[in-house]
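Worksheet: one structure, shown below.
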Amino acid sequence: GNLARLTGELDDGQRWLEEALALRRAARDAREIGTTLASLGMLALSAGDEAEGGRLMDAALAIYRRNDDGPGLQATVMDLGAFALDAGDPERACALLESAAALGRQQDLDRNLAWAAAELGEAALAIGDRTGAQAATGEALRLFESLPERRGVDHVRGLQGRLEALAPG
């Protein structure tokens, strides 16, 4: 379902995610129900249905909170931040990604924290906050190098290159 969403095949993604949700409900797997609701929410947001997307994301967040699922909560807040950035709302993205980064720090979720910090750096860059972008990308790079995660390192170095190109002077 998520792959179909990413490739623009929203109808197929909707069908597959609804099938997955039915199976996960039958299995009474709360975490995977939350994950599937979040995926359906991202699909609805991608289709431009903000009301349905928000409702589904709120339902996923409620499940994660009720079950004290920190990684699920952090990943969903990070997804909302990334979506806000892609949708052209970098201020909202910054707020959400700062929350996602804080949740990642609280729970020692280094990989998720690294991605949240990288996205935060990109959002800060989009609003012209060079200091914030430098701090966030620096944190992300340190984490990605320690994991190690080459794709993340390359992504952050690209962001840092954009920052350097914008340097006064």
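All values derive from a computational prediction rather than experimental measurement. Scope of the values below: all heavy atoms of this structure, side chains included, with no hydrogens, waters or symmetry mates.
- Checked for salt-bridge contact, Arg157 and Glu145 meet the test: a charged N lies under 4.0 Å from a carboxylate O.
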CA sep, side-chain torsions, deciding dist, call: Leu73, Leu61, side chain to side chain contact (heavy atoms under 4.5 Å, CB included): CA-CA 6 Å; Leu73 181 64; Leu61 291 169; 3.4 Å; yes
Please list, one pair per line, the donor and acceptor atoms closer than 3.5 Å that link side chains of residues 36-48 to other protein atoms, with sequence neighbours excluded.
| unit_1 | atom_1 | unit_2 | atom_2 | d |
| --- | --- | --- | --- | --- |
| Thr36 | OG1 | Arg24 | NH1 | 2.4 |
| Thr36 | OG1 | Glu32 | O | 2.8 |
| Ser39 | OG | Asn2 | OD1 | 3.1 |
| Ser39 | OG | Asn2 | ND2 | 3.2 |
| Ser39 | OG | Thr35 | O | 3.1 |
| Ser46 | OG | Met42 | O | 2.9 |

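- Sorted by first and then second residue, the side chain to side chain donor-acceptor pair (under 3.5 Å) pairs with a member in residues 49-62 read Glu52-Arg55; sequence neighbours excluded.
- With hydrophobic clusters built from ILVMFWY side chains whose heavy atoms lie under 4.5 angstrom apart, Leu159 does not share a cluster with Leu141.
- In this structure, the side chains of Leu10 and Arg5 come closer than 4.5 Å at one or more pairs of heavy atoms.
- For the residue pair Leu109 and Pro71, the shortest heavy atom distance occurs at CD1-CA, 3.8 Å.
- Listed by chain and number, the residues in a side-chain contact (heavy atoms from CB on, under 4.5 Å) with Thr131 are Asp129 (sequence neighbours excluded).
- In terms of the side-chain contact (heavy atoms from CB on, under 4.5 Å) criterion, residue partners of Arg130 (sequence neighbours excluded) are, by chain and number, Gln134, Leu163, Leu166, Ala167, Pro168.
- Scored by the side-chain contact (heavy atoms from CB on, under 4.5 Å) test, Ala95 finds no partners at all (sequence neighbours excluded).
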Distance-only criterion, 3.5 Å: show the donor-acceptor pairs between side-chain atoms of residues 115-127 and protein atoms not counting sequence neighbours.
| unit_1 | atom_1 | unit_2 | atom_2 | d |
| --- | --- | --- | --- | --- |
| Trp115 | NE1 | Glu149 | OE2 | 3.0 |

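- Looking at residues two or more places apart in sequence or on another chain, you find no side-chain contact (heavy atoms from CB on, under 4.5 Å) involving Ala22.
- Among residue pairs with one or both ends in residues 97-109, those qualifying as side chain to side chain donor-acceptor pair (under 3.5 Å) are Arg105-Glu139; sequence neighbours excluded.
- Under the 4.5 Å side-chain heavy-atom criterion for Ile, Leu, Val, Met, Phe, Trp and Tyr, Leu113 and Leu80 are members of distinct hydrophobic clusters.
- Applying the side chain to side chain donor-acceptor pair (under 3.5 Å) test to every pair with at least one member in residues 71-96, sequence neighbours left out, gives these pairs: Gln74-Asn112.
- The list of salt bridge (Lys or Arg N to Asp or Glu O under 4.0 Å) pairs with a residue in residues 10-20, not counting sequence neighbours, reads Asp12-Arg15.
- Annotation: ring-ring contact (aromatic ring centres under 6.0 Å, His included) contacts involving residues 35-89, sequence neighbours excluded, are absent.
- Remark: Arg66 engages no residue in a side chain to side chain donor-acceptor pair (under 3.5 Å) (not counting sequence neighbours).
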